[in-house]
Amino acid sequence: MNPAATFALPAQAAAAAPLEVAWRPLQEGDIAKVLDIEKQAYSHPWTKGNFADALRSAYPAQMLCAGPNVLGYLVAMKGVDEVHLLNLTVAPDFQRQGWARLMMEGLVLWSRGQGARQLWLEVRASNSRALEVYRRFGFVQMGVRKQYYPLAPNRREDAVVMSLKL
Ligand SMILES: CC(C)(COP(=O)(O)OP(=O)(O)OC[C@H]1O[C@@H](n2cnc3c(N)ncnc32)[C@H](O)[C@@H]1OP(=O)(O)O)[C@@H](O)C(=O)NCCC(=O)NCCS
């Protein structure tokens, strides 16, 4: 396992969690399970190739698991003094229980440990739920990428670019 891809679970969050929850590195053999969640969670899910590319590039990719259940997962990319969050997903059955917040806390701790000073992400302008989660976590809007995401045949949607100072 790439040690750079290991996240620390905040002790406080672990103590508050009602389940025995653990981070596990997202590996090739997990892609099918994660793709099932992607298809439930997104109108435009990541493909098998997207995950395989991320793993091949050794991007930090972690799942949050409770026994056999995957609660959620994230994929990030490390820059010189910043980290870019590429995918943050909580399985629909486990949403609104604080897992996204817990995963973000883990990512922040890990990113600080890597010497990063800023966390970046893009989110669909229509994804009000994710926008709210990120705002509540302290992210601020830094800009908009026009027509960034595919929406429907011949239609695209803006991305909101957000950042969090670490
Ligand atoms: C967006 C997503 C990751 C949030 O995960 P989650 O585990 O449900 O979020 P949490 O339960 O940790 O919520 C975190 C905060 O957002 C708030 N929140 C969560 N869902 C909300 C909603 N539907 N409306 C308003 N606020 C919401 C919570 O109240 C919480 O705030 P608080 O801690 O101050 O009380 C999850 O809904 C998801 O995976 N969606 C589909 C995929 C997606 O859109 N990913 C993001 C792509 S950029």
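In this text, all values refer to a predicted model and were calculated from it rather than measured experimentally.
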Next on the checklist: Going by salt bridge (charged side-chain N to carboxylate O under 4.0 Å, His left out), name the residues that satisfy it together with Arg156, two or more places apart in sequence or in a different chain.
Outcome noted: none
Are the side chains of [X] and [Y] in touch, meaning some heavy atoms are under 4.5 Å apart?
X: Arg124; Y: Tyr148; result: no
X: Met162; Y: Val140; result: no
X: Val123; Y: Leu121; result: yes
X: Arg135; Y: Phe139; result: no
X: Val70; Y: Phe94; result: no
X: Val144; Y: Val161; result: no
X: Asp30; Y: Pro25; result: no
X: Glu122; Y: Arg145; result: yes

Determine whether a donor-acceptor pair (N or O, by modelled atom type, separation under 3.5 Å) exists between the side chain of [X] and the backbone of [Y].
X: Glu157; Y: Ser126; answer: yes
X: His44; Y: Leu151; answer: yes
X: Gln95; Y: Val90; answer: yes
X: Asp158; Y: Gln147; answer: yes

Shortest non-hydrogen contact from [X] to [Y]?
X: Val160; Y: Ala125; value: CG2-CA, 3.9 Å
X: Ala159; Y: Tyr149; value: CB-CE1, 3.5 Å
X: Ala66; Y: Val21; value: CB-CG2, 4.4 Å
X: Ser111; Y: Leu166; value: CB-CD1, 3.7 Å

Next on the checklist: Show, in sequence, the C-alpha distance, side-chain angles and deciding distance for Ile31 and Leu55, and conclude whether the side-chain contact (heavy atoms from CB on, under 4.5 Å) test is met.
Outcome noted: CA-CA 10 Å; Ile31 292 181; Leu55 296 184; 4.0 Å; yes
Next on the checklist: According to salt bridge (Lys or Arg N to Asp or Glu O under 4.0 Å), does anything in residues 57-80 pair up with another residue at least two apart or in another chain? List the pairs.
Outcome noted: none
Checklist entry - Could you walk me through whether Trp120 and Glu82 pass the side-chain contact (heavy atoms from CB on, under 4.5 Å) check? => result CA-CA 7 Å; Trp120 292 90; Glu82 60 190 31; 3.3 Å; yes
Item to check | Test log, rule side-chain contact (heavy atoms from CB on, under 4.5 Å), inputs Val83 and Met77 | outcome: CA-CA 6 Å; Val83 168; Met77 182 174 71; over 6 Å; no
So how far is it from [X] [atom1] to [Y] [atom2], rounded to the nearest 0.5 Å?
X: Met142; Y: Leu164; atom1: CE; atom2: CG; value: 10.5 Å
X: Gln118; Y: Asp81; atom1: CD; atom2: CG; value: 8.0 Å
X: Lys33; Y: Cys65; atom1: NZ; atom2: SG; value: 7.0 Å
X: Leu74; Y: Trp23; atom1: CG; atom2: CH2; value: 5.0 Å
X: Asn87; Y: Phe51; atom1: CG; atom2: CZ; value: 5.0 Å
X: Leu26; Y: Leu64; atom1: CG; atom2: CG; value: 12.0 Å

Item to check | Side chains of Glu38 and Tyr73, donor plus acceptor under 3.5 Å | outcome: yes
Checklist entry - Does a sphere of radius 6.0 Å around CD in Glu132 hold more than 12 heavy atoms from other residues, nucleotides or ligands, not counting ones at 6.0 Å or beyond? => result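 More than 12 within 6.0 Å, yes.
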Item to check | Shared hydrophobic cluster, Leu71 / Val133 (ILVMFWY, side-chain heavy atoms < 4.5 Å) | outcome: no
Checklist entry - For Arg56 and Asp53, what are the C-alpha separation, side-chain angles and deciding distance, and is it a side-chain contact (heavy atoms from CB on, under 4.5 Å)? => result CA-CA 5 Å; Arg56 211 173 300 120; Asp53 285 348; 2.8 Å; yes
